[in-house]
Structure formats: C-alpha cells, structure tokens
Amino acid sequence: MKAPSHSFLSWAAALCAITAVGLFGHTVHDRSGRSDAKATGDERIGLYASTLDQVVERFRALPFVLANDERIYRMLEAPADPARIDDVNRSLAALAEAAAADALYVMNADGLTLAASNYGQPKSFVGENYNFRPYFRDAVEHGHGQFFAIGVTTGDPGYFMSRPVRRDGKLLGVAVVKISLEALETDWRSTGENIALADNRGVLFLASPASWKYRPIRPLSDTERTDIRHSMQYSGISLEGWPLLRSRQAPGNGDVVDIVKDDSGPHRFLVTRTDLPAYGWTIYSFTDLAPISRAAVLGGAAWSLAAAVLLLLLLWWRGRRAILRAKLDAHDMLEQRVSERTRELIVANESLSREIEERRRAEDALKRAQDDLVQAGKLAALGQMSAALVHEINQPLAALKTTLASAKLLIRNGSAERAAATVATIDDLVARMSELTQHLRTFARKDFGEMGPVDITIVVQRALALANARLGAEDVRTVIDMPAGGVTVTGNATRLEQVLLNLLSNAADAVAHQRARTIAVSVLHQDGEVQVSVADSGPGIAADHMASVFDPFFTTKDVGKGLGLGLSISYAIIEDHGGRLRVHNKAGGGAEFSFSLPTALAIAPAALAAGA
Ligand code: ADP
C-alpha cells in the first residue's frame with residue numbers, strides 16, 4: 001500500500017482543524033444563544049407572572065366585600081324572599097359590570113346558587129348547585145377558595161375565588177367571583193411566544209399555542225384523572241389526548257424538550273418555568289431553539305471560514321518565508337562559492353607567483369650555467385685551439401730546425417745545390433705556417449670583404465680547378481651538374497670559393513679510403529633560389545657527430561691533418577650570404593653538404609644591405 005503523501009496529510013490536518021474550529025464556533029454560538037434565550041425567557045415569565053398577579057389581585061377583595069354585604073346576609077337568612085334575591089341580583093350585576101368581572105354569585109350553605117350577576121340570562125348560575133367545586137368546600141373549610149375551571153353551566157373557563165358568608169359564626173353561604181383569564185392568553189398569543197400556565201396537576205389551562213390548551217404537560221395518573229372528573233374542572237374537555245411530553249416529570253427550568261407543535265414535526269424548545277405557589281400553578285415559556293440552531297450553524301460556518309482564511313494566510317506566509325529562505329540560501333551559497341573561488345584564486349595566484357619566482361631563479365641558474373658553459377666552452381675551445389696550433393706550428397718549426405741545421409751543414413760542406421733544395425723545403429714549411437695563420441685570420445676577421453653579383457657556377461668551376469690536382473692524384477671521380485647559362489647570386493666570390501674548396505677537400509678526405517671514390521657537385525636553380533650541394537661516396541657522418549660538425553675545432557682527423565675550423569668558417573660565410581649550410585647522410589651512403597642562396601634578382605634589399 002502506498003503511504004499517503006505529505007501534502008495529503010497536511011490538507012487532511014487543515015480540514016480537521018477547520019472542522020474543529022467550526023464545531024467549536026457552533027457550540028459557542030449555541031450556548032450563548034441558549035443562555036440568551038434562557039435569560040429572555042426568565043425575564044418574560046417574570047413579567048407574565050406579575051401580570052397574572054395584577055389581574056387576579058384586582059378581584060381578590062370582591063368575594064370578601066360580598067361576604068360582608070348586609071343585603072346578602074339578609075337574602076341568605078330569608079332565601080324565600082324574592083324581593084331580597086332580586087335586590088342582590090341587581091347589585092351583583094351592577095358590581096360585576098363595574099369591576100369587569102365575569103360573574104359574581106352567592107350560594108347558600110348547601111352550594112345552591114341563590115343570586116348571580118348573570119341572573120335572567122340563558123346560562124344563569126341561579127338555581128345551580130356547585131357544592132362539588134373545590135372552591136365551595138375550601139371556602140367552607142378554610143375560609144377562602146380559588147380554582148380554575150371550565151364553567152359547568154356556561155362552558156367558559158374562568159378563575160373562581162370564594163369566601164364564606166357567616167353571621168355570628170354561622171355559615172350562611174359562599175360568595176364567589178369568576179374572572180376570565182382569556183385576555184392574558186390573547187396577550188401571550190399576540191407576542192408570538194409559547195407561554196403556558198399549568199395547574200397543580202400539570203394541565204395547561206392557558207396556552208398561547210391553541211393546540212396545547214387543556215393538554216397535560218406530562219402523562220396524568222389515574223387518580224389525578226378521577227379527581228379532575230369529580231371536580232368537573234375541565235368539564236366537556238377530554239384529557240385522554242397525548243400529553244405534551246412523554247417524561248413522567250414536568251420539565252425543569254433550562255431543560256430542552258422536543259414537542260410536536262403542528263404539522264411540521266417535532267420542534268426543540270428550551271424550557272423556562274416559574275412556580276406560582278400562591279395559586280399552585282406553574283408558568284412555562286417554551287423558546288423554539290430552531291433559530292438559535294440556525295444561528296449557531298451560521299456562526300460555526302463563519303468560524304470555519306475565518307479559520308480557513310487564517311490557514312490560507314498562514315500557508316501563504318509560510319510559502320513566502322520558504323521562498324525568502326531559499327533566496328537567502330541561494331545568495332549565501334553564491335557568496336560562499338564566490339569566497340571559495342576567491343580563496344582558490346588567491347591560492348592559485350600565490351602558487352603562480354611562487355612558480356614565477358622559481359622560474360626566475362631557474363632562469364638565473366640556467367643563465368649562470370650557460371655563462372659557465374660558455375666560459376667552459378671558451379676555455380675548452382682555447383685549449384683545443386692551443387693544442388692544434390702548438391702542433392701545427394711545432395711540427396713545421398721542428399722540421400725548420402732540422403732542415404736549417406742540414407742546410408747549414410750542406411753550406412759548410414760547400415754542397416750549394418743540395419743546400420738550395422733544402423732551402424726550398426724551408427720555404428714550403430714557412431708557406432704552410434703562413435697558410436695556417438691565414439686561416440685563423442679569416443676566422444677572426446669580422447670584415448668579410450665586398451659583396452657583389454657573382455656567378456655561382458664560375459665559383460664552383462674555380463674551386464674544382466684548385467682541387468683538381470689532389471682529386472686527380474687520388475683517383476677521385478667528379479660528377480658535375482650545373483645550369484649552362486650560369487646563375488648569379490649576390491656575394492663575395494673568394495669566400496664562396498673558400499666554402500666550396502673546403503667542402504671538396506672534406507669530401508676528398510672522406511672518400512680517400514673508399515674503393516669507389518666519387519664526388520658529385522650540383523647547382524640547382526629554382527624559384528629564385530640556387531641550391532649548391534657537394535655529395536661524396538664516403539662513410540658519411542656518424543650520428544654522434546652530426547650535431548657537432550659545424551662547431552669550431554671539432555675534428556675527427558688526426559692531429560696535423562685537420563684543425564676543425566673549415567666547416568665552422570664555411571657556416572659563418574654562408575650565413576653572411578643569407579643562406580644556411582646543411583648536412584645529411586645520403587640514403588645510398590656518404591654525406592651531402594648543401595646550401596641555398598637567393599638569386600641576385602630575387603635577393604632582398606635588406607640582405608644586400610647586410611652583405612654590403
Ligand atoms: P677538418 O677538416 O679540419 O677536420 P672541418 O671543420 O672541415 O675540419 O671538418 C670537421 C669534421 O667534419 C671533420 O673532421 C670530419 O670528421 C667531418 N667531415 C667534414 N666533411 C666530411 C665529409 N664529407 N664526410 C665525412 N666527414 C666529414
């Protein structure tokens with residue numbers, strides 16, 4: 001089973017809360033409505049009770065007045081005298097009219113009515129015996145009587161008050177006043193309220209709702225029924241009908257009862273009651289609770305509505321707060337990210353600064369190392385050069401020394417011819433030494449001589465011609481490939497010739513110990529450039545030496561055979577001509593040195609200026 005969602009529970013709780021508030025509101029309204037109704041009922045009932053008192057009290061003295069009337073004495077003492085009866089009849093009628101009493105009448109000691117205010121009327125009391133009425137007996141036995149009953153003669157309900165008529169302690173009769181209380185009932189009806197007056201047995205003898213009249217408020221016992229029948233209190237009225245309430249007890253003050261008022265079914269009433277001990281009666285007010293219930297329902301609904309509005313407000317406020325919190329959180333997160341990023345940047349910046357510092361130190365160290373190296377290189381070069389020079393110069397010097405010694409000896413011996421030959425050898429040795437110094441001068445000199453248009457093919461031919469004697473002697477085959485019309489470059493012919501001669505000389509050295517000895521020289525003119533290369537069929541350049549061949553004083557040749565200056569000087573010369581001297585080992589074996597130069601027409605003015 002799926003668990004109910006959080007929002008469903010919230011809604012259920014909200015509904016419960018709204019309902020609870022509604023129910024509470026209903027209860028509050030209902031209670032206050034009832035207590036108001038109770039207060040109003042008490043007030044009204046008090047008013048009605050005092051009105052009843054006023055009505056009754058107006059007549060209370062009348063029987064007493066009659067009981068002390070001389071004419072009535074005389075009539076009762078001589079009941080056979082029609083004149084006396086007539087006299088009393090007239091005075092009673094006049095008094096009843098004046099006092100607005102229903103009826104005034106006088107009975108003899110047996111209860112027979114001798115005179116009455118309604119004498120001569122169709123339903124006159126005269127001649128009727130009412131000794132069965134409690135008010136007769138009470139008057140005789142207790143000195144006064146009072147009783148509400150329906151008139152047995154007239155059929156009109158009324159309140160009877162009685163007094164005994166005595167002379168010298170002897171009972172002569174009973175004087176009675178009957179008053180109507182119908183006016184009270186009419187008053188109650190006009191207010192629209194449910195007021196009822198119950199006798200000592202609970203029979204409602206006055207009631208503003210007509211249908212309640214003469215109904216017992218509770219079921220009557222058999223004895224009570226018999227008593228009522230005997231006194232003929234409600235003659236002509238059946239008391240067998242439904243009691244107003246089913247409960248055995250009459251309702252108490254503040255009770256809520258259900259009464260079927262009319263065709264509309266049972267109604268709920270709030271009961272307020274006041275006992276009137278002077279009469280033995282109880283006055284009831286029944287307040288219909290339907291309007292109060294309706295008001296309570298409306299009140300409950302209003303409370304529910306208010307609760308719903310409050311809840312909605314609360315929800316709205318909470319939602320707003322959640323949005324605000326989310327915004328704040330997002331802002332905080334952003335700030336945190338920014339500060340984190342800033343921290344990272346600071347750290348990165350610091351490490352960058354450190355790196356820069358380290359780099360700077362490394363650079364310094366490198367520079368120092370470079371300087372040291374240069375210094376060391378210089379010293380090494382100087383050492384190498386010294387060794388080479390010492391050897392190159394010592395050898396001819398030693399040779400010169402021995403040659404001179406033998407020349408001296410030959411001169412002393414007079415062998416002039418042989419001495420002349422020896423002098424020629426000396427000349428050779430000196431020439432060799434001057435060649436060496438010439439080389440060094442070329443290397444040291446910064447001024448490389450004049451630049452001008454030079455036909456590179458002629459330069460190649462002249463170099464070949466110089467080398468030719470050696471090449472021919474060592475049986476080296478030369479392969480020459482050059483454009484027929486010549487190619488002009490800007491440069492210094494002597495120095496380019498020096499380069500070519502050096503390359504040819506190295507090539508001749510390389511092939512010296514090979515069986516097949518070939519040197520190929522080519523001049524290639526292409527795209528405003530001329531490429532000159534000298535290739536040989538020698539062993540090529542060892543991989544270890546490839547990087548060093550252009551270094552000054554690098555040589556693999558025996559001492560006395562090479563100075564290691566040729567290629568470095570050639571490199572410098574080609575660079576001065578705006579070109580670059582390169583070397584690579586050919587696929588088929590042997591080394592190939594080459595350089596390219598811009599042709600004279602395409603040469604850049606800057607290069608020309610630099611060459612000048
Ligand atoms: P040197 O000829 O006095 O030794 P160079 O500077 O002319 O000085 O040459 C340097 C070195 O380059 C040579 O000693 C040699 O080892 C190498 N070398 C130059 N030309 C060739 C070549 N054609 N074949 C093989 N090795 C060569």
Side-chain angles (χ1 to χ4, degrees), residues 377 380-396 432-445 460 463-464 466-468 470-471 474-481 494-522 531-576 579-595:
L382 207 61
Q384 272 179 324
M385 186 177 77
S386 308
L389 284 178
V390 166
H391 182 85
E392 286 298 316
I393 291 170
N394 267 357
Q395 225 189 14
R432 194 175 153 192
M433 283 167 71
S434 83
E435 189 192 350
L436 179 70
T437 50
Q438 187 67 38
H439 257 311
L440 286 171
R441 215 183 61 205
T442 312
F443 186 60
R445 204 175 60 193
V460 173
L464 276 168
L466 285 172
N468 218 14
R470 181 183 172 191
L471 297 179
E474 293 178 9
D475 200 15
V476 179
R477 195 166 70 92
T478 52
V479 182
I480 293 129
D481 178 17
T494 318
R495 298 179 58 218
L496 287 174
E497 196 181 301
Q498 189 183 345
V499 171
L500 276 161
L501 195 59
N502 185 43
L503 293 180
L504 286 171
S505 156
N506 279 347
D509 287 346
V511 299
H513 302 291
Q514 306 299 109
R515 198 174 300 160
R517 300 164 200 158
T518 312
I519 295 176
V521 182
S522 76
Q531 177 154 346
V532 182
S533 69
V534 177
D536 60 59
S537 59
I541 293 163
D544 287 354
H545 301 158
M546 208 43 129
S548 317
V549 288
F550 294 110
D551 291 349
F553 299 111
F554 173 82
T555 178
T556 57
K557 292 170 190 169
D558 296 338
V559 179
K561 284 273 172 68
L563 270 173
L565 286 173
L567 282 180
S568 64
I569 289 168
S570 302
Y571 190 91
I573 291 169
I574 295 302
E575 211 166 46
D576 284 342
R580 179 176 277 267
L581 184 59
R582 288 190 183 82
V583 65
H584 71 274
N585 288 327
K586 291 189 297 171
E592 176 171 8
F593 286 83
S594 61
F595 62 88

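Just the heavy atoms: all of them, side chains too, but no hydrogens, waters or symmetry mates, feed the values below. Just so you know, ligand 1 is whichever comes first in the structure, and atom 1 is the first atom listed for that ligand. In this text, all values refer to a predicted model and were calculated from it rather than measured experimentally.
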Taking every heavy atom of Leu567 against every heavy atom of Asn502, the minimum-distance pair comes out as N-ND2, 3.3 Å

Can you say whether the rings of Phe550 and Tyr571 are parallel (under 30°), tilted (30 to 60°) or perpendicular (over 60°)? tilted

Run the side chain to side chain contact (heavy atoms under 4.5 Å, CB included) test on Ser537 and Arg477 for me, step by step, so that the C-alpha distance in whole Å, both residues' side-chain angles and the decisive distance to 0.1 Å come before the verdict. CA-CA 10 Å; Ser537 59; Arg477 195 166 70 92; over 6 Å; no

Intermediate values then yes/no, side chain to side chain contact (heavy atoms under 4.5 Å, CB included), Leu504 and Leu466: CA-CA 10 Å; Leu504 286 171; Leu466 285 172; over 6 Å; no

Would you please write out the protein residues whose heavy atoms approach any atom of ligand 1 to under 4.0 angstrom, listed by chain and number? Asn502, Asn506, Ala507, Ala510, Asp536, Gly540, Ile541, Val549, Phe554, Thr555, Thr556, Lys557, Gly562, Leu563, Gly564, Leu565, Gly566, Leu567, Phe593

Under the side chain to side chain contact (heavy atoms under 4.5 Å, CB included) criterion, do Thr518 and Val479 qualify, and how do the steps go? CA-CA 7 Å; Thr518 312; Val479 182; 3.8 Å; yes

Step-by-step side chain to side chain contact (heavy atoms under 4.5 Å, CB included) determination, Val476 to Gln514: CA-CA 10 Å; Val476 179; Gln514 306 299 109; over 6 Å; no

